[in-house]
Amino acid sequence: MVYAVRMNSEVVDDPDIEIVEKDDVIVNQTDTDFVETLPFQHNENNLQHSDLGNLASGPCRPVLNIYKQTRFGSQNRSFSSQWYKQYTWLEYSMKSNAAFCYACRMFADELIDDVWTKKGFSNWQKLNEKLKKHDKTKRHLVCVSKMSGYLACKKSGSVMVKQCSGYKEQVAKNRTYIGTLIDIILFLGKQGIAYRGHREDADSLNPKPDFKIKFDETTNYTSWSIQDQLIQLCAEDIRETIVKEIEKIGFFALMCDEARCYREEQLSICVRYTIDLDVYERFLCFVDVSKGQTSNHIVTALFECFEKQKLTMSKIKIIAQSYDGASVMSGHLRGVQSRIKEHYPYAIYTHCMAHRLNLVVVDTSIYVHFSQPSKNKKLCEMQRNLGLNKGNVLRICDTRWVCRYKNCVAMLKNYSSILNILNDEIEEQIDKVVARALGIIIKL
């Protein structure tokens, strides 16, 4: 249960929480058991300084004409009531001749700062400096927030109960708004679209009045840090689902590949498994393997990843594995596939079909053939005769698969002219040219 001092409409909380009263203390009640959220009284301290304030009386702040003086060097110094105006939490004990922090004394979870909660501060020579320092500490600010919330609740009384329905309604709106943001993030992530939306007006393709009202507020939870948090939460939830499914099945096939990204070597890990004969292929995570790309480094990174994802590999079996054809991955003696087989002897290795197809496509020599000036001139003349727009056959990138779109478009547009030129070359019966032209036509 989350402790709360004040109701904050900006907080996404459980809408089923009921606010009730109990001796001027606001509590969160979700079932028969409840936990008081205000305040924390430390009665053992009150016995030592009986003239200090309590919850009923508030801070003890006596205003005297003359306070007890203490000698510091050649000067006598004492407490002054002027400090009360600047610090509402400050109180003074006449018995101890010391200053205390009422907020920390009454509302702290633990009395850690003995000077301001138990012993009292009496070095009047440094009081100004110490008050400023204590007023900025994190623990003190939390206690002051609790004190302010308690005083507000005590003053409002039953009004809080009347506001409960409005609080629930606000919480429900907040949850709907955050849910919409999550839906947007999931959609953008699935489509690979950048987070660049900047308007929610009447012309928007997704008009939601309630969403627009919240979106137009100063705090609308659309900053990059909130986006990253929501993305991370979504990713963790998806990974937990994948892990639970694998744990239930008890086995999976492993697929991974390396990619260089801004001076880092990233290993992408994917898993493949079945549920009721339906095949699922899921991306699990990226792992940084910049320290080393040997088979030992990669296998170690794999098992560390499984441990991090809380996969119980002592009970789960790897029954198949698929990588590219690099020796470090596919080597049957010291490659990753052989290292995996040391742990899982029945993990069959398959050379990734996508990589194999890529090798075939790269090996096609169309670009090399038409890169010769004489062949390229014939291609331009054939395009002109067929009424086609002028276009060139582009070079295929060996490693960047996403660059193949332009190559495919160029090939489709020039397909008829390419076939005509190759057929003409075959008819010319030039041995070297005929052999190359026949080989290209067979591949096409």
Side-chain angles (χ1 to χ4, degrees), residues 189 192 231-232 235-236 238-275 279-364 395-404:
I231 293 170
Q232 184 66 26
E236 290 176 358
I238 293 173
R239 274 196 291 266
E240 287 179 3
T241 302
I242 295 172
V243 169
K244 288 179 181 178
E245 290 178 348
I246 294 176
E247 292 275 2
K248 184 178 180 180
I249 299 301
F251 57 85
F252 66 93
L254 173 65
M255 298 176 292
C256 58
D257 190 21
E258 297 175 61
R260 184 161 298 176
C261 177
Y262 190 68
R263 301 178 183 177
E264 285 188 0
E265 195 75 16
Q266 297 284 343
L267 181 70
S268 62
I269 302 176
C270 299
V271 291
R272 185 182 174 94
Y273 54 92
T274 61
I275 300 178
V279 179
Y280 294 91
E281 197 170 285
R282 307 293 193 200
F283 168 76
L284 195 59
C285 65
F286 283 111
V287 177
D288 187 1
V289 290
S290 302
K291 292 183 178 179
Q293 292 82 48
T294 64
S295 59
N296 288 332
H297 283 99
I298 293 175
V299 171
T300 300
L302 284 172
F303 282 98
E304 287 179 353
C305 170
F306 296 150
E307 183 179 355
K308 184 178 180 181
Q309 302 301 330
K310 298 180 181 179
L311 281 169
T312 311
M313 297 309 295
S314 58
K315 299 179 180 179
I316 301 174
K317 305 300 181 184
I318 298 178
I319 60 173
Q321 47 184 332
S322 179
Y323 320 115
D324 59 23
S327 59
V328 69
M329 304 297 292
S330 62
H332 68 283
L333 295 178
R334 297 182 180 179
V336 171
Q337 66 121 334
S338 63
R339 303 291 187 191
I340 293 293
K341 284 186 176 180
E342 293 176 1
H343 300 275
Y344 305 97
Y346 300 103
I348 302 171
Y349 167 71
T350 303
H351 188 179
C352 175
M353 297 302 295
H355 283 85
R356 294 171 67 179
L357 178 61
N358 178 66
L359 294 175
V360 173
V361 173
V362 170
D363 192 52
T364 303
R395 184 183 183 89
I396 295 179
C397 178
D398 292 348
T399 57
R400 294 291 181 264
W401 293 5
V402 294
C403 300
R404 302 292 164 78

A.B. asks: For G331 and Q337, work out which heavy atoms get closest and say how close.
C.D. replies: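 What the structure gives for the nearest pair is O-CG, 3.5 Å.
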A.B. asks: Check whether any side-chain N or O of E281 sits under 3.5 Å from a backbone N or O of R272 as a donor-acceptor pair, and report yes or no.
C.D. replies: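 Between the backbone of R272 and the side chain of E281 there is no qualifying donor-acceptor contact (under 3.5 Å).
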A.B. asks: Is there a side chain to side chain contact (heavy atoms under 4.5 Å, CB included) between Q321 and T350 once you walk through the steps?
C.D. replies: CA-CA 6 Å; Q321 47 184 332; T350 303; over 6 Å; no
A.B. asks: Can you name the residues that form a ring-ring contact (aromatic ring centres under 6.0 Å, His included) with H343, not counting sequence neighbours?
C.D. replies: F303
A.B. asks: Which heavy atom of H332 sits nearest to which heavy atom of S338, and what is that distance?
C.D. replies: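 Closest approach of H332 to S338: O-CB, 3.5 Å.
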A.B. asks: Could you check whether any side-chain heavy atom of I269 comes within less than 4.5 Å of a side-chain heavy atom of F286, counting everything from C-beta outward?
C.D. replies: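 Not in contact.
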A.B. asks: Check the pair R334, V328 against side chain to side chain contact (heavy atoms under 4.5 Å, CB included), reporting the backbone distance first and the verdict last.
C.D. replies: CA-CA 7 Å; R334 297 182 180 179; V328 69; over 6 Å; no
A.B. asks: The criterion is ring-ring contact (aromatic ring centres under 6.0 Å, His included); which residues satisfy it with Y344, sequence neighbours excluded?
C.D. replies: none
A.B. asks: Nearest 0.5 angstrom please: E264 CD to S290 OG, how far?
C.D. replies: 5.0 Å
A.B. asks: About how many Å separate CZ of R282 and CD of E245, when rounded to the nearest 0.5 Å?
C.D. replies: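 With rounding to 0.5 Å, CD (E245) is 6.0 Å from CZ (R282).
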A.B. asks: Do the side chains of S268 and F283 get nearer than 4.5 Å, heavy atoms only?
C.D. replies: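 With C-beta onward as the side chain, the pair touches.
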A.B. asks: Mind checking whether I275 and Y273 have side chains closer than 4.5 Å, heavy atoms only?
C.D. replies: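 Heavy-atom side-chain distance check passes, below 4.5 Å.
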A.B. asks: Do K244 and E247 sit within salt-bridge range, that is, some charged N less than 4.0 Å from a carboxylate O?
C.D. replies: no
A.B. asks: Looking at S330 and G325, what are the two nearest heavy atoms and their distance?
C.D. replies: OG-O, 3.1 Å
A.B. asks: Step by step, work out the side chain to side chain contact (heavy atoms under 4.5 Å, CB included) result for Y323 and C352.
C.D. replies: CA-CA 5 Å; Y323 320 115; C352 175; over 6 Å; no
A.B. asks: Do I246 and F252 come close enough that some side-chain heavy atom pair is under 4.5 Å?
C.D. replies: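 The answer is yes, as the side chains (C-beta and beyond) meet within the 4.5 Å cut-off.
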A.B. asks: Taking side-chain contact (heavy atoms from CB on, under 4.5 Å) as the criterion, tell me which of L302, I298, T294, V299 meets it with R339.
C.D. replies: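 Answer after filtering L302, I298, T294, V299: V299.
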A.B. asks: Are M255 and S322 side-chain neighbours, meaning at least one heavy-atom pair lies under 4.5 Å?
C.D. replies: yes
A.B. asks: Tell me every residue that passes side chain to side chain contact (heavy atoms under 4.5 Å, CB included) with Q309, counting only those two or more places apart in sequence or in another chain.
C.D. replies: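 Q309 satisfies side chain to side chain contact (heavy atoms under 4.5 Å, CB included) with R239, V243, L284, C285, C305 only.
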A.B. asks: Using side-chain heavy atoms (C-beta onward) and a distance below 4.5 Å, is E304 in contact with K308?
C.D. replies: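 With C-beta onward as the side chain, the pair stays apart.
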A.B. asks: Looking at Y349 and D324, what are the two nearest heavy atoms and their distance?
C.D. replies: OH-O, 3.1 Å
A.B. asks: Would the number of heavy atoms belonging to other residues, nucleotides or ligands and lying under 6.0 Å from CD1 of I249 be above 12?
C.D. replies: yes
A.B. asks: Below 4.5 Å, heavy atoms only, C-beta onward: do T274 and Y280 meet side chain to side chain?
C.D. replies: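 No, side chains not in contact.
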A.B. asks: Using a 3.5 Å distance criterion without hydrogens, assess whether the side chain of S295 forms a donor-acceptor pair with backbone atoms of G335.
C.D. replies: no
A.B. asks: Using side-chain heavy atoms (C-beta onward) and a distance below 4.5 Å, is F251 in contact with I318?
C.D. replies: no
A.B. asks: Would V271 and I242 count as a side chain to side chain contact (heavy atoms under 4.5 Å, CB included) if you check the C-alpha gap in whole Å, the side-chain angles of each, and the deciding distance to 0.1 Å?
C.D. replies: CA-CA 9 Å; V271 291; I242 295 172; 4.1 Å; yes
A.B. asks: So, H297 and T300: side-chain donor and acceptor under 3.5 Å apart, yes or no?
C.D. replies: no
